[in-house]
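Before any comments, here is the structure.
In what follows, every chain begins at residue 1, and chains take the letters A, B, ... in the order their sequences are listed.
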Amino acid sequence: MSLTLSANTVVVLDFETTGLSPNQGDRAIEIGAVKLENGVIVDRFQKLMNPGFRVSSFIANYTGITNAMLAEADDCATVMHNFADFIQGCNLVAHNASFDQRFLDAELDVIQRDYDGTFACSLLVSRRLTQDAPSHKLGELVAYHQIDNDGVFHRALADAEVTASLWQVLLDTLQSDYSITNPDFSLMQKIAKMPKGSIDQFLKKQG
DNA sequence: TGCCAGGCCCTCTTTAGGGCCTT
């Protein structure tokens with residue numbers, strides 16, 4: 001891990017893609033991200049990218065991203081080079097991070113770039129900290145926590161922004177419910193891996 | 001020909017199956 005990795009800066013990111021699996025030939029079509037410094041958004045990144053083939057009608061309807069929009073976009077390599085620069089030195093957060101990590105790894109592998117941060121998953125943390133939530137879908141959690149939003153979902157920057165707000169809600173929960181002052185990224189990673197049954201006892205020891 | 005994601009998590013579990021999440 002890089003010595004320049006920032007302790008207080010994370011990038012919350014979200015991909016829109018042509019499908020669920022890069023192993024099955026799916027590609028990224030949009031990346032959106034916000035950079036958080038001590039919980040405050042200090043930078044944003046949003047780019048459509050042309051995967052080189054037409055997206056299905058399902059994806060066009062699901063995301064609102066059309067083939068006409070993608071025809072005018074830069075190719076994936078160009079966008080991902082810029083995004084690799086954007087995330088340099090930062091840890092990463094995503095909702096269901098294993099999905100976004102697979103696409104990030106696949107797209108950066110194509111252009112032979114790498115990143116120095118590690119991922120934390122807001123879905124896994126949410127399942128442990130707000131076990132009463134009826135669902136841990138991003139949209140459902142936005143409603144559950146009454147998170148401000150512009151009504152846009154399944155677009156990369158909009159989803160990254162509400163995920164960043166959710167991340168902050170989860171950090172605030174650690175402070176308010178467990179008296180954990182300044183919970184950090186590595187604690188969130190530990191929470192994500194902890195058995196649900198022992199999370200309460202673990203957090204009470206942290207406070 | 002027919003199949004086709006992958007990881008987490010629960011339970012009627014561990015020699016398994018299925019729902020939840022992401023697009």
For B/dG7 versus B/dC3, give the span between their P atoms, rounded off to a whole number of Å.
23 Å

Rounding to an integer number of Å, can you tell me how far A/His154 NE2 sits from B/dT22 P?
8 Å

Quick note, A/Gln24 side chain, CB onward, closest among B/dA5, B/dC9, B/dT22 is B/dA5

Between atom CD in A/Gln131 and atom C1' in B/dC9, what is the gap in whole Å?
12 Å

Would you kindly give the CG-to-P distance between A/Asn96 and B/dA5, to the nearest whole Å?
15 Å

Could you give the NZ-to-P distance, from A/Lys137 to B/dT22, as a whole number of Å?
7 Å

Checking contacts here: which listed nucleotide (B/dC10, B/dC21, B/dT23) is nearest the side-chain heavy atoms of A/Lys196?
B/dC10

Between A/His95 and B/dC21, does any side-chain N or O lie under 4.0 Å from OP1 or OP2?
no

According to a 4.5 Å side-chain heavy-atom criterion applied to Ile, Leu, Val, Met, Phe, Trp and Tyr, with indirect links allowed, do A/Tyr144 and A/Leu124 form part of one hydrophobic cluster?
no

Specify the residue among A/Asp159 and A/Arg102 whose closest nucleotide of DNA chain B lies further upstream toward the 5′ end.
A/Arg102

Need to verify one output field. Residue with the more 5' nearest nucleotide on DNA chain B, A/Ile59 or A/Asn23?
A/Asn23

What integer distance in Å separates A/Leu20:CG from B/dC4:P?
14 Å

B/dA5 P sits how many Å from A/Phe15 CZ, rounded?
20 Å

Sticking with atom C1', work out how far B/dT15 lies from B/dC21, rounded to a whole angstrom.
28 Å

Just checking, is any N or O donor in the side chain of A/Gln189 or A/Thr118 under 3.5 Å from an acceptor N or O on the other one?
yes

How is A/Asp14 classified with respect to the nucleic acid when contacts are heavy atoms under 4.0 Å: base, sugar-phosphate, or nothing?
sugar-phosphate

Taking atom C1' in both B/dC10 and B/dT14, what distance in whole Å separates the two?
13 Å

State, with a plain yes or no, whether a side-chain heavy atom of A/Asp14 is found less than 4.5 Å away from one of A/Asp100.
yes

Just to be sure I understand the rule, does A/Asn61 reach a base, reach only the sugar-phosphate, or reach nothing, if contact means heavy atoms closer than 4.0 Å?
nothing

Using the C1' atoms only, state how far B/dT1 lies from B/dG6, rounded to an integer number of Å.
25 Å

Report the distance from atom OH of A/Tyr62 to atom P of B/dT22, rounded to the nearest whole Å.
6 Å

Given the C1' atoms of B/dC12 and B/dG18, what is the spacing between them in whole Å?
12 Å

Closest heavy-atom pair, A/Ala192 versus A/Val125, reported as atoms and distance to 0.1 Å, is CB-CG2, 4.0 Å

Taking CG from A/Leu166 and P from B/dT22, how many angstroms apart are they, rounded to a whole number?
11 Å

Quick check: closest heavy atoms across A/Val152 and A/Ala158, and the distance to 0.1 Å?
O-CB, 3.5 Å

Under 4.0 Å between any heavy atoms, over every strand shown, what does A/Ser135 touch: base, sugar-phosphate, or nothing? Just pick one.
sugar-phosphate

The side chain of A/Leu124 is closest to which nucleotide in this list: B/dC9, B/dG6, B/dA5?
B/dC9

Return the nearest nucleotide to the side chain of A/His136; candidates are B/dC21, B/dG7, B/dA5.
B/dC21

A/Ser198 meets the side chain to side chain contact (heavy atoms under 4.5 Å, CB included) criterion, sequence neighbours left out, with A/Met194, A/Pro195

Considering only the P atoms, how many Å lie between B/dT23 and B/dG17, rounded to the nearest integer?
29 Å

